[in-house]
Amino acid sequence: MPAVGIPRALLFYELFPLWREFFTSLGCEVITSQPTSKETLNAGASAAVDETCLPIKIMYGHILELQGKCDFIFLPRLVSIEPNSYICPKFMGLPDIVRGLGVQGVIEPTVDLRNPKEYWQRLWQAAVEIEYRLGIYSPTRVASALFRGLLAERGYRARLHQGYLPWEALDSEPLPKPSTQNQVKIGVIGHPYTMFDQIINMNLFELLRLSGYGVLTPVNHEIRLLNRIARQLPKDLFWTYGRRMIGAARLWYQRKLVDGIIHIVSFGCGTDSLTGDLIERLTKRESDIPFMLLTVDEHTGEAGFRTRVEAFLDMIQFRAAGAGRSGCQ
Ligand code: SF4
């Protein structure tokens with residue numbers, strides 16, 4: 001049976017549980033690239049044109065790492081992953097760009113789920129496209145694999161909603177979540193591939209955990225809830241992740257779920273130039289919760305990044321202590 005490589009980049013922490021189960025149900029071996037390292041980034045940056053944003057450069061690095069280690073590389077052509085919204089247009093051209101780098105064996109089904117009436121039909125088409133590419137077409141097996149994939153995704157989402165971070169929720173049996181009651185909490189927002197990549201986030205989550213802070217991210221909430229809150233604004237955003245980020249920030253400060261918000265954005269990101277500014281303005285106008293925007297690119301130094309985060313955390317701790325709360329060191 002063929003080995004299918006799935007790069008640990010971009011929407012990995014969104015789509016991996018579904019596609020891992022899908023491919024293994026079809027009898028394929030699933031191989032992933034290693035967590036991002038400086039080498040991954042350097043390899044991707046050398047292959048990319050200068051204007052490319054950091055997450056796409058990192059994606060190239062992961063693809064280059066998988067090359068030669070598997071029969072196929074799974075890289076869907078993503079147009080939309082939920083009804084009535086789009087994701088960044090850079091995702092659409094990725095398979096073509098990657099082929100241009102000389103990468104062979106790319107499986108690139110089109111995933112375009114923006115029309116609610118055609119949602120299941122489109123998802124089914126994507127699954128069938130993969131089957132044809134693997135050369136093992138069988139409608140019953142596709143249906144069963146897709147069903148198992150969707151069940152796996154549901155289990156993964158349920159764990160995220162219990163407060164786990166994506167890499168914890170991917171474990172089939174994650175450790176019990178410690179109580180975060182009374183703990184000072186930080187909300188971290190960003191595109192999932194920006195905030196959950198350890199090179200881009202410079203190990204922010206580890207820093208927060210070691211310092212004793214609780215953490216919330218948009219993936220810890222029901223997508224429907226985030227979309228509903230974001231849609232209370234006069235104008236609806238049509239970017240999937242921009243909408244979820246706005247929904248999360250508003251949910252957190254309206255219900256006082258966090259003590260501070262950190263937003264991580266990639267330098268040169270077109271969508272974040274709008275949503276980043278909007279979230280910052282909304283947070284400052286509608287709440288008194290401290291907000292910090294961190295812009296990163298491949299030249300960002302870890303020392304400067306950590307100094308800014310630590311200064312922000314000191315201020316949060318000072319405010320929490322003033323309100324008679326503690327929980328961090
Ligand atoms: S949304 Fe921004 S960070 Fe994400 S791929 Fe597009 S330009 Fe890059």
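Just so you know, these numbers use all the heavy atoms, side chains as well, and skip hydrogens, waters and symmetry mates. Both counts, for ligands and for their atoms, begin at 1 and track the order of listing.
- Scanning for side chain to side chain contact (heavy atoms under 4.5 Å, CB included) contacts around Ser144 gives Arg148, with sequence neighbours left out.
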Inset, instruction - List the steps, then state whether side chain to side chain contact (heavy atoms under 4.5 Å, CB included) holds for Phe196 with Trp167. - result: CA-CA 9 Å; Phe196 295 138; Trp167 47 92; 3.6 Å; yes
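- For Ala158, there are no side chain to side chain contact (heavy atoms under 4.5 Å, CB included) partners two or more places apart in sequence or in a different chain.
- Annotation: salt bridge (charged side-chain N to carboxylate O under 4.0 Å, His left out) contacts of Glu51 (sequence neighbours excluded): none.
- Within the protein, the number of N/O/S atoms found under 2.8 Å from atom 2 (Fe) of ligand 1 is 1.
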Legend entry - Stepwise salt bridge (charged side-chain N to carboxylate O under 4.0 Å, His left out) test for Arg133 and Glu108: CA-CA 9 Å; Arg133 193 74 172 78; Glu108 45 174 291; over 6 Å; no
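- Side chain of Thr295 to backbone of Val265: no donor-acceptor contact under 3.5 angstrom is found.
- For atom 4 (Fe) of ligand 1, the closest non-hydrogen atom of the protein is Tyr193 OH, 2.3 Å.
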